[in-house]
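From a predicted model like this one, the values you see are computed outputs, not experimental measurements.
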Amino acid sequence: TSDMNNEFHTTPWYDFYTLIARSYEVIERGENSTVVGIDGIIGEAKFLVAFAYYHLLNVYGDGVAYVDGIQDAGDRPRKAEPGEMWSFTEDLLLEAIPVLPTSYASSDFGRATRGAAQSLLAKVYMQQRDYAAAEQILEQVLSSGYALNANYEANFTEELTTGNKEVIFQVTFFHNG
């Protein structure tokens, strides 16, 4: 059993739902925007919602709270039905993939790319035991330029750079930031 009074259980829950809420701010406000490149930004936000739900589902199980838009402070989202959030996560990624770029300039390293969304979609398929669908997506990822490094230790150096062909999605943290 899980002790929900334990911060190691409550902190990820809170942090992932915060990520979902902030991402929906971008999605819903961006839909009426005429800013150049807004489709890609909305795609990144959808990827982040899917990323959060993927982790919530893996940690807390199928009955997580279903949030599909901006929530008011008094809203109490309903509990998802079995399998519903996996389908929802898949839909978000399928919407994001076509509008995400294959890469960014080195100054934007760490942003969600098409390869990151495809890789996450493959993981979603594998969690649902749809290995054939996962294999098709992963073949697309491999053909888009990602590959294993010849030197395995290169994945554990202090600085991962845009030159590391094995990095699909990297969360960049700032020291004391």
Side-chain angles (χ1 to χ4, degrees), residues 12 15-16 18-31 33-59 64 67-68 83-174 177:
D15 290 345
F16 283 126
T18 299
L19 176 59
I20 289 167
R22 290 178 180 166
S23 296
Y24 275 120
E25 294 281 339
V26 172
I27 293 166
E28 291 187 21
R29 285 172 169 66
E31 288 174 346
S33 175
T34 58
V35 172
V36 174
I38 193 66
D39 290 341
I41 293 168
I42 291 171
E44 285 184 83
K46 288 180 179 182
F47 167 83
L48 292 172
V49 172
F51 179 82
Y53 272 127
Y54 176 82
H55 290 287
L56 284 166
L57 288 163
N58 280 296
V59 173
V64 298
V67 177
D68 64 352
E84 181 179 22
M85 295 314 299
W86 288 114
S87 296
F88 183 64
T89 301
E90 179 182 342
D91 291 345
L92 286 166
L93 291 166
L94 290 171
E95 292 170 14
I97 288 168
V99 298
L100 288 172
T102 56
S103 65
Y104 289 97
S106 60
S107 60
D108 285 330
F109 185 62
R111 292 180 66 180
T113 61
R114 183 173 299 149
Q118 288 172 315
S119 297
L120 184 57
L121 179 60
K123 290 174 78 170
V124 168
Y125 286 147
M126 287 188 284
Q127 287 293 329
Q128 299 175 88
R129 293 178 168 58
D130 188 351
Y131 302 115
E135 182 179 24
Q136 287 179 335
I137 296 292
L138 290 170
E139 286 174 355
Q140 293 174 25
V141 172
L142 288 173
S143 68
S144 66
Y146 297 100
L148 297 176
N149 284 320
N151 177 6
Y152 178 72
E153 291 178 3
N155 294 308
F156 302 98
T157 58
E158 259 186 62
E159 295 205 22
L160 290 174
T161 65
T162 56
N164 188 333
K165 61 189 173 199
E166 201 164 320
V167 174
I168 294 175
F169 181 67
Q170 175 177 328
V171 177
T172 305
F173 295 94
F174 294 103

Would Val26 and Ile41 count as a side chain to side chain contact (heavy atoms under 4.5 Å, CB included) here? Give the steps.
CA-CA 8 Å; Val26 172; Ile41 293 168; 3.7 Å; yes
Does Phe47 form a side chain to side chain contact (heavy atoms under 4.5 Å, CB included) with Leu93? I'd like the steps, not just the answer.
CA-CA 6 Å; Phe47 167 83; Leu93 291 166; 4.0 Å; yes
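Under the rule for a side-chain hydrogen bond (donor to acceptor under 3.5 Å, both in side chains), the partners of Tyr125 that lie at least two apart in sequence or sit in another chain are Glu90.
Of the possible polar contacts, one joining the Gln128 side chain to the Val124 backbone as a donor-acceptor pair under 3.5 Å is found. A side-chain donor-acceptor contact under 3.5 Å links Asn151 to the backbone of Glu153.
Closest of all the heavy-atom pairs between Ile97 and Arg114 is O-NE, 3.0 Å. Shown here for Thr113 and Leu100, the closest heavy-atom pair between the two residues is O-CD1, 3.6 Å.
A distance of 8.0 Å separates CD of Gln127 from NZ of Lys123, quoted to the nearest 0.5 Å. Rounding to the nearest 0.5 angstrom, the gap separating the OH atom in Tyr54 from the CG atom in Leu121 is 11.5 Å. Leu138 CG to Glu135 CD: the interatomic distance, rounded to the nearest 0.5 Å, is 8.0 Å. Going from atom CG of Asp39 over to atom CD of Glu31 covers 10.0 Å, rounded to the nearest 0.5 Å. Within the model, atoms CG of Leu94 and CD of Gln118 stand 10.0 Å from one another, a figure rounded to the nearest 0.5 Å.
Ring orientation note: the planes of Tyr53 and Phe88 are nearly perpendicular, at an angle over 60° on the 30°/60° scale.
Counting heavy atoms from C-beta outward, Ser33 and Ile38 have side chains that approach closer than 4.5 Å. In this structure, Tyr146 and Glu166 have side chains that are not in contact, with every pair of non-hydrogen atoms separated by 4.5 Å or more. Under the 4.5 Å side-chain criterion, counting only non-hydrogen atoms from C-beta, Phe51 is in contact with Leu19.
For Arg22, the CZ atom is loosely surrounded, since the number of other residues' heavy atoms within 6.0 Å does not exceed 12.
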